Undergrad: 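Right, I'll just put the structure down here and ask away after.
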There are 2 protein chains.
Amino acid sequence: MQLEQALTILKDEGYKYTEKREDILNFFNKEDGYRTASDLLNYLSKKYSGISYDTIYRNLHLFHDLNILETTELGGEKHFRLSCGHDEHHHHFICKSCGKTKAIESCPMNHIRQNFDGYYIENHKFEVYGLCPSCL
Amino acid sequence: MQLEQALTILKDEGYKYTEKREDILNFFNKEDGYRTASDLLNYLSKKYSGISYDTIYRNLHLFHDLNILETTELGGEKHFRLSCGHDEHHHHFICKSCGKTKAIESCPMNHIRQNFDGYYIENHKFEVYGLCPSCL
DNA sequence: TTACAAATCGTAATGATTACGATATGATGA
DNA sequence: TCATCATATCGTAATCATTACGATTTGTAA
């Protein structure tokens, strides 16, 4: 996802443009992988010494609600990354060292032979973990 | 997994037999689904009024290390269930309401067309979430 | 420029988990 | 059976991520 695109979404939805929000988006754009709230806090603290948890978490949740950020849970901590912007549903390989991802195009739900008659299927999670070439 | 089998593992590995440990195993046997540490704490508190967090978490981790319990992370909280005892690698449907599971025999790793040359693949997670027939 | 809703700050509360010294208790051998 | 000792448990505090909220600041639109 492009940064302009994200800022346009914010504007269109009636949210204010703030420098912090731009910095948050720049952070995720630069980092290009899954990052935690405290990663973001550390980054923003350099520029804004007294930044509040409220600002961090409120904006992370907002960006997630607006589909600007994707989220997953790794090791008990929520992680965020810029939405891939793929139109098609997909999954990710995630590097345990640097958090960077690689898209997996095929979805396991297409290969399930199990019978789920009588069940309501809401969603699913498929993630592959390991080390990317640069971290190896 | 049978309870006797679990108690045998404990004994063989040189751990002590205690009533609390038996109660913990009975709890997971009875519940038959993913449960949290606080579910277990609530259960054990009925019988042991002053039970310690230390006891809960130490035993959950021990049982997990001994492959007596399987674990997954749901909604930011670790959940535990008795190991299925399936010899074959498999995955689970998990009911969001009652925590009960249904095995999924096929593994998505067998259907991936992606090229992971240069990557080290360590593990993966595939879980399907929804509601089971009794909870619908 | 003003007014107001939205955004942020500062800080405390919450909830899950971990930590640890003190005490109690299974298991083993005499 | 009893003594011993390592293991298990207790009681409680600390830690870490996250949420909450009243007070203050700041974009934005009129």
Side-chain angles (χ1 to χ4, degrees), chain A residues 6-28 34-66 68-69 71-81 99, chain B residues 4 6-27 34-66 68-69 71-81 99:
Chain A
L7 289 170
T8 302
I9 293 174
L10 274 179
K11 180 151 204 171
D12 290 353
E13 298 286 333
Y15 293 98
K16 292 184 182 169
Y17 168 87
T18 68
E19 194 178 359
K20 290 194 183 67
R21 284 186 172 155
E22 187 176 8
D23 286 334
I24 290 172
L25 293 172
N26 280 329
F27 170 75
F28 283 108
Y34 276 111
R35 296 289 173 258
T36 65
S38 75
D39 291 336
L40 177 59
L41 180 65
N42 289 339
Y43 175 76
L44 291 179
S45 291
K46 291 179 207 157
K47 187 168 172 184
Y48 308 98
S49 65
I51 190 152
S52 170
Y53 286 112
D54 197 77
T55 303
I56 301 288
Y57 284 104
R58 186 171 22 75
N59 283 310
L60 286 175
H61 292 341
L62 173 65
F63 290 168
H64 180 244
D65 290 346
L66 296 176
I68 292 169
L69 292 178
T71 172
T72 191
E73 198 153 305
L74 301 169
E77 232 180 317
K78 267 179 210 143
H79 287 61
F80 301 84
R81 55 158 292 148
Chain B
E4 286 84 23
L7 289 170
T8 301
I9 293 175
L10 274 179
K11 179 152 204 171
D12 290 352
E13 298 285 333
Y15 293 98
K16 291 183 181 170
Y17 168 88
T18 69
E19 195 177 0
K20 291 195 183 68
R21 284 186 171 155
E22 187 176 10
D23 285 334
I24 291 172
L25 293 172
N26 280 329
F27 169 75
Y34 276 110
R35 297 288 174 260
T36 65
S38 75
D39 291 337
L40 177 60
L41 179 65
N42 288 338
Y43 175 76
L44 290 180
S45 290
K46 290 180 207 155
K47 187 167 171 185
Y48 309 98
S49 65
I51 191 153
S52 169
Y53 286 112
D54 197 78
T55 303
I56 301 288
Y57 285 103
R58 185 172 22 76
N59 283 311
L60 286 175
H61 292 154
L62 173 65
F63 289 168
H64 179 244
D65 290 346
L66 296 177
I68 293 169
L69 293 178
T71 171
T72 191
E73 199 154 303
L74 301 169
E77 230 180 317
K78 267 178 212 147
H79 286 61
F80 301 84
R81 56 157 293 149

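Within every chain, numbering begins at 1; the chains are lettered A, B, ... in the order of the sequence lines, protein sequences first and strands thereafter. None of the values given here were measured: they were computed from a predicted structure. Below, all heavy atoms of this structure are taken into account, side chains as well, without hydrogens, waters or symmetry copies.
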Undergrad: B/Leu60 CG to D/dA8 C1': how many Å, rounded?
TA: 15 Å
Undergrad: Near B/Phe27 CZ, under 6.0 Å, is it more than 12 heavy atoms from other residues, nucleotides or ligands?
TA: yes
Undergrad: Would you please say whether a donor-acceptor pair under 3.5 Å links the side chains of B/Asn42 and B/Ser45?
TA: no
Undergrad: Not counting sequence neighbours, which residues clear side-chain contact (heavy atoms from CB on, under 4.5 Å) with B/Leu7? List them please.
TA: B/Leu10, B/Tyr17, B/Leu25
Undergrad: Work out how much the helix from C/dT1-D/dA30 to C/dA30-D/dT1 bends between its end axes, five pairs an end, to the nearest 10 degrees.
TA: 30°
Undergrad: Can you tell me if B/Asp12 uses its side chain to pair, donor with acceptor, with the backbone of B/Ile9 under 3.5 Å?
TA: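 Checking the backbone N and O of B/Ile9 against the side chain of B/Asp12, no donor-acceptor pair under 3.5 Å is found.
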Undergrad: One character per nucleotide, please: for nucleotides 11-18 of chain C, 5' to 3', B when the base has a protein heavy atom closer than 4.0 Å, S when only the sugar-phosphate does, - otherwise.
TA: B----SBB
Undergrad: Just call it for A/Arg58: base, sugar-phosphate, or nothing, with non-hydrogen atoms closer than 4.0 Å on any strand.
TA: base
Undergrad: To the nearest Å, give me how far apart CG (A/Asn59) and C1' (D/dT19) are.
TA: 15 Å
Undergrad: Separation of B/Tyr15 atom OH from C/dT28 atom P, in whole Å?
TA: 15 Å
Undergrad: Taking for each residue the nucleotide of DNA chain C bearing the nearest heavy atom, is the 5' side occupied by B/Glu19 or by A/Glu19?
TA: A/Glu19
Undergrad: Within the side chain of B/Ser38, is there an N or O that forms a donor-acceptor pair under 3.5 Å with the backbone of B/Leu41?
TA: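 Pair absent, no side-chain N/O of B/Ser38 close to backbone of B/Leu41.
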Undergrad: For B/Ile56 versus B/Ala37, what's the shortest heavy-atom pair and its separation?
TA: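 For B/Ile56 and B/Ala37, the tightest heavy-atom pair comes out as CG2-O, 3.8 Å.
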Undergrad: Could you pull out all residues at least two apart from B/Lys46 that satisfy side-chain hydrogen bond (donor to acceptor under 3.5 Å, both in side chains)?
TA: none
Undergrad: Return the value, rounded to whole Å, for the distance between atom OH of A/Tyr48 and atom C1' of C/dG10.
TA: 18 Å
Undergrad: Would you confirm whether A/Arg21, through its side chain, and A/Lys16, through its main-chain N or O, come within 3.5 Å as a donor-acceptor pair?
TA: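 Yes, the answer is positive, given that a donor and an acceptor are paired below the 3.5 Å cut-off.
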Undergrad: State whether the side chain of A/Asp65 and the backbone N or O of A/Leu62 hold a donor-acceptor pair below 3.5 Å, judged by distance alone.
TA: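 Not confirmed, A/Asp65 side chain does not pair with A/Leu62 backbone.
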Undergrad: Considering residues at least two apart in sequence or located in another chain, which fulfil the side-chain contact (heavy atoms from CB on, under 4.5 Å) criterion with B/Thr72?
TA: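 Residues passing side-chain contact (heavy atoms from CB on, under 4.5 Å) with B/Thr72: B/Tyr34, B/Leu74, B/His79, B/Ile94, B/Lys125, B/Glu127.
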Undergrad: How many Å lie between NZ on B/Lys20 and P on D/dT7, as a whole number?
TA: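 So the two atoms are 18 Å apart, to the nearest Å.
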Undergrad: Roughly, in whole Å, what's the span from CG in B/Leu62 to C1' in D/dT9?
TA: 14 Å
Undergrad: Could you walk me through whether B/Leu40 and B/Phe80 satisfy the side chain to side chain contact (heavy atoms under 4.5 Å, CB included) test, starting with their C-alpha distance in whole Å, then the side-chain angles of each, then the deciding distance to 0.1 Å, before giving a yes or no?
TA: CA-CA 10 Å; B/Leu40 177 60; B/Phe80 301 84; over 6 Å; no
Undergrad: Considering only nitrogen or oxygen atoms on both sides, find all protein atoms under 3.5 Å from nucleotides 24-27 of chain D and state each distance.
TA:
{"residue": "D/dG27", "atom": "O3'", "partner": "A/Tyr17", "partner atom": "O", "Å": "3.4"}
{"residue": "D/dG27", "atom": "N3", "partner": "A/Lys16", "partner atom": "NZ", "Å": "3.4"}

Undergrad: Report the distance from atom CD1 of B/Ile56 to atom P of D/dA8, rounded to the nearest whole Å.
TA: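 After rounding, the reported distance stands at 15 Å.
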Undergrad: Specify the separation, in whole Å, of atom CD of A/Glu22 and atom C1' of C/dT8.
TA: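 Atom CD in A/Glu22 sits about 17 Å away from atom C1' in C/dT8.
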